[in-house]
Amino acid sequence: MACTTLLVGRLATNDGSTIVARNEDGEDFSFDPKKLVVVNPEDQPRTYTGVANHLTIELPDSPLRYTCTPHADPSNGVWAETGINAANVSMSATETISANARVLGADPLVVYQPAQGKPGDADYKPEVPGGIGEENLPTITLPYIHSAREGVQRLGMLVEKYGTYETNGVAFGDANDVWYWENLGGHHWIARRVPDDCYVVQPNRQGIDHFDLADALGEQHDYMCSADLAQWIRDHDLLMDMPAHEGDTGETVQGLPRYFNARIAFSTYTWLDQLYNAPRKWYLCRRLTPSDPRFQGPAPEFGPESLDIPWALRPDKKLSASDVKDLLATTYDGTEYDPYGTKGTPETRHQYRYVGIDRTSECSVLCIRPNVPVALRGVHWFAPASGPFNTAVAMYANVTTMPAYLDTPTAVTTDSLYWNNRLVAGLADPQFFESYEPIQGYRLNTMAQGYQMLHETDAKLMALAKEGTMNLDAMDDAAVQAELAAANQALADSVQAQTRSLLGTVLDQRTVAMKNAFNMNDH
C-alpha cells in the first residue's frame, strides 16, 4: 500500500493555517508522473465514468474550480488526488488503509465484476460496476463542497450510495477545521475532526482511535459517521474494548458504549503493520513531540513497531508548510533505520518502510490561510517525485491555469519539474552525501522564494484592494487572478532555472565517479 498523510490544526501552525498534506506514493515499482493543473467549471464532467470500476455517476451541474494533481497519462483514470477548490476547501484522497476480516465480512467491498460469456448466451452475466475509489474521489467530491464538514458529508453519502472497492482515508480542510474520514468495509464510515492544537500522522492503516458515538450520531461537533453505524456494529459484534474500568460513567448509545476505540475495532494488527506502517508514525510523532516521555528512555512505551500511538498529538512547537514538506521527505534521518546513514547495520537501514520513499509521485501541502483575504487563502505547495531530492513550489490556488513547467508530459524532458526532480533523484541516490549539500541549498532557496513570493504578492494585492482597484473578498475577480497567475509564473520560472542548475551539478558529480574513469594522476 502507499502514501503517508500529515494533518495539522490551525492552532498548531505558525500562521494559523490548516494544513492537509500527503505523499502520494505509487505501488511497488510504480513511478506515476504527476502534474499540477486547474480544472475550471467548463472542463468538469457532468457524467463521470471510472476506468477501474466501470461505474458511471451523474454529477451536479454547478461545479467549483479546483486545483488537482492527476496522472500525466490519463489512460488509467484521472487520479486527481489532492487540491483546493474555489471555496477554499482542501482535499487529499487517499491514504490507502487496512481493515480487518471482521469488518470486511460484515460489509464486503464492492468490487468490479467483468461480464461473463456473450450477450444472448444462456449463461451470460453482464458486468457489475464496482464502488468508488481513489481514482474517482476528488473529481466527484471536491468541486461540490464549501467546507471541510461538507466534504465529509458528501463523501459519506457517495460511499453509502455506491459503495467502495477499497478502504481509504480522506482528509478535508478549510480556514477553521481539518477533518479525517475513513471508510469501514464497503458502505460504512467514520470521521473525526483534528483538534486545533494537534497534528495527525496517518500511515496505511485505519487510524482513528478514540470515538464518541453520541457526538457522531448527534451534534457532530468533533465526530461523524454513517447513520446506521451503531446497528451495524451491534449486529456484527465489532467492538473489541474490554469492559469499562472502575469509575467509567458507563454511558451508552443505542446499546453500545458511548466511547470506544475504533482502531481496535476496525483496523489490522499484523506483522506487516509493524514493519510498514508503525515506524512512520513513530518517527514523525517522536520528531514532533520529543517531550512526550512515552517516546523516551531505554525502554520507551512507544517504539518503531508500536501499533497504538495516539491518533492525534500536540506538537512541541508550531509547524509551517516547509516543516511539513521536510517531514514527509524523511528517511528516518539520524537513526539506525536511515538507508543513507552510517548508524546501525545494512539490515537495520532497510528494516522499515520509509516516509520519503523512492516511488513518491508527488507531495502536496495544502494550506488554507485564515489571516488573509478570501481570494488569497489557498496555497498549494507542489513537490513532485521523491521527497529527499525535490522541492515544493508554492502556488496560489485561486487561478484558472498553472505554469506549464508543472504540467507534466508523459515523456521524459528537462522542461518539467517532475522529470527534472526524478532525474536528480536517480543520479543523486548512489552518491547521497556528495549531492546532499547542493540539494539542500536548492530546496532552501526555492522554498524561501516561495514564502517571499507569497508575502510580497499578499502585500501588493492588499494595497491595491485598499485603493479600490480589486476585490479580495471574492474568488472570481479577474484582475486578482491575473496577478496571482503572474506571481505563480515568476516563481515557477525561477524554480525551473534553479532545478536545471541542480541537475547539471548532480550530473557532473555523478560523471566524475563513473567506473571507467582513468586519471594519470592516480598512477
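- Judged by the 6.0 Å distance and 45° axis criteria, Arg294 is not positioned over the aromatic ring of Phe302.
- Not one N or O on the side chain of Asn421 forms a donor-acceptor pair closer than 3.5 Å with the backbone of Ala383.
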- Task: Quick one: do Val393 and Trp381 satisfy side-chain contact (heavy atoms from CB on, under 4.5 Å)? Show the steps, please.
- Result: CA-CA 5 Å; Val393 185; Trp381 292 81; over 6 Å; no
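- Counting non-hydrogen atoms of neighbouring residues, nucleotides and ligands closer than 6.0 angstrom, the CD atom of Glu42 exceeds 12 such neighbours.
- The residues Arg500 and Asp415 are annotated as salt-bridged, a charged nitrogen and a carboxylate oxygen being separated by less than 4.0 angstrom.
- Residues satisfying the side chain to side chain donor-acceptor pair (under 3.5 Å) criterion with Arg510, sequence neighbours excluded, are absent altogether.
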- Please lay out, stage by stage, how Cys285 and Leu288 fare under the test side-chain contact (heavy atoms from CB on, under 4.5 Å). CA-CA 5 Å; Cys285 291; Leu288 290 169; 5.9 Å; no
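- Taking 4.0 Å as the cut-off between side-chain N and carboxylate O, Asp174 and Arg149 do not count as a salt-bridged pair.
- For Asn23 (side chain) and Thr4 (main-chain N/O), no donor-acceptor pair under 3.5 Å exists by modelled atom type.
- Classification of the Trp311-Tyr180 ring pair by plane angle, with boundaries at 30° and 60°, yields tilted.
- Residues Ile132 and Leu137 have side chains in contact (heavy-atom distance under 4.5 Å, counting atoms from C-beta outward).
- Between Cys3 atom SG and Ile97 atom CD1 the span is 12.0 Å, to the nearest 0.5 Å.
- Side-chain contact annotation: Asn371 with Asp15, donor-acceptor N/O pair under 3.5 Å absent.
- You'll find the side chain of Leu307 stays beyond 4.5 Å of the side chain of Lys281, heavy atoms only.
- Closest approach of Arg314 and Tyr199 over heavy atoms only: C-CE2, 3.9 Å.
- In summary, Lys460 and Glu483 engage in a salt bridge, as defined by a charged side-chain N under 4.0 Å from a carboxylate O.
- Distance alone, capped at 3.5 Å, places no donor-acceptor pair between the Thr141 side chain and the Pro138 backbone.
- At least one donor-acceptor pair closer than 3.5 Å links the side chain of Glu95 to the backbone N or O of Thr5.
- Side-chain atoms of Glu150 and Ser147, non-hydrogen and from C-beta on, do get closer than 4.5 Å to each other.
- You'll find the side chain of Thr330 stays beyond 4.5 Å of the side chain of Tyr354, heavy atoms only.
- Counting heavy atoms from C-beta on, the side chains of Val324 and Val8 come closer than 4.5 Å.
- The side-chain contact (heavy atoms from CB on, under 4.5 Å) test with Phe172 is passed by exactly one of Leu142, Val20, Leu155, Leu7: Leu155.
- Taking each heavy atom of Arg422 and Thr360 in turn, the nearest pair found is NH2-O, 3.1 Å.
- Here the closest non-hydrogen pair linking Leu36 and Met402 is O-CB, 3.6 Å.
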- Task: Kindly indicate, with the supporting measurements, whether the criterion side chain to side chain donor-acceptor pair (under 3.5 Å) is fulfilled by Gln351 and Glu336.
- Result: CA-CA 9 Å; Gln351 185 169 344; Glu336 61 187 299; over 6 Å; no
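- The nearest pair of heavy atoms linking Val480 to Asn398 is CG1-ND2, 4.5 Å.
- Here the CG-CH2 distance, from Asp73 to Trp79, works out to 12.5 Å after rounding to the nearest 0.5 Å.
- In this structure, the side chain of Asn85 does not engage the main chain of Arg65 through any donor-acceptor pair within 3.5 Å.
- Donor-acceptor pairing under 3.5 Å is recorded for the side chains of Tyr144 and Gln44.
- One finds the CG atom of Asp316 at 10.0 Å from the CG atom of Leu313 (value rounded to the nearest 0.5 Å).
- In plain terms, the two heavy atoms of Leu503 and Asn420 that are nearest each other are CD2-OD1, 3.5 Å.
- Rounding to the nearest 0.5 Å places CG of Leu417 at 11.5 Å from CD of Glu362.
- No salt bridge links Asp177 with Arg10; every basic N to acidic carboxylate O contact stays at or beyond 4.0 Å.
- When side chains are defined from C-beta on, Val379 counts as touching Leu454, because their heavy atoms get closer than 4.5 Å.
- The heavy-atom pair separating Trp419 from Pro409 by the smallest distance is NE1-O, 2.9 Å.
- Taken from CD1 in Ile84 to OG1 in Thr82, the straight-line distance is 8.5 Å, to the nearest 0.5 Å.
- Using a distance-only test at 3.5 Å, with no hydrogens or angles considered, no donor-acceptor pair links the side chain of Asn136 to the main chain of Ala52.
- Contact annotation: the side chain of Lys343 never approaches that of Arg349 to less than 4.5 Å [non-hydrogen atoms, C-beta and beyond].
- Ring orientation note: the planes of Phe382 and His380 are nearly perpendicular, at an angle over 60° on the 30°/60° scale.
- Panel note: side chain Gln498, backbone Tyr442; no donor-acceptor pair is recorded below 3.5 Å.
- Atom OG1 in Thr96 sits 9.5 Å away from atom CD in Glu24 (nearest 0.5 Å).
- Residues Pro41 and Pro63 are in side-chain contact: their nearest non-hydrogen atoms beyond the backbone lie under 4.5 Å apart.
- At a threshold of 4.0 Å, the pair Lys317-Asp323 counts as salt-bridged, since one of the basic side-chain nitrogens sits closer than that to a carboxylate oxygen.
- Under the 4.0 Å criterion applied to side-chain N and carboxylate O atoms, Glu81 and Arg22 are assigned as salt-bridge partners.
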- Pair Arg369-Asn88, side chain to side chain donor-acceptor pair (under 3.5 Å): steps then yes or no: CA-CA 9 Å; Arg369 308 180 299 161; Asn88 285 321; over 6 Å; no
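- Around the OH atom of Tyr340, the shell of radius 6.0 Å holds more than 12 heavy atoms that belong to other residues, nucleotides or ligands.
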- Query: Taking it one step at a time, do Asn40 and Thr400 satisfy side chain to side chain donor-acceptor pair (under 3.5 Å)?
  - Reply: CA-CA 7 Å; Asn40 291 295; Thr400 59; 5.0 Å; no
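- Ring pair Tyr352/Tyr332 is perpendicular by interplanar angle, where above 60° counts as perpendicular and below 30° as parallel.
- Looking at Asp197 and Lys318, no side-chain N of the basic residue comes within less than 4.0 Å of a carboxylate O on the acidic one, giving no salt bridge.
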- List the steps and the verdict of side-chain contact (heavy atoms from CB on, under 4.5 Å) for Met453 and Asp458. CA-CA 8 Å; Met453 180 273 284; Asp458 286 351; over 6 Å; no
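- No side-chain donor from either of Asn445 and Gln449 sits under 3.5 Å from a side-chain acceptor of the other.
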- Go through Gln481 and Asp477 one step at a time and tell me if the side chain to side chain donor-acceptor pair (under 3.5 Å) criterion holds. CA-CA 6 Å; Gln481 291 176 336; Asp477 187 307; over 6 Å; no
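- Checking side-chain atoms of Arg377 against main-chain N and O of Ala175 turns up no donor-acceptor pair under 3.5 Å.
- Under a 3.5 Å cut-off, the side chain of Arg353 and the backbone N or O of Asn277 do not form any donor-acceptor pair.
- Between the side chain of Lys34 and the main chain of Thr69, a donor-acceptor pair closer than 3.5 Å is present.
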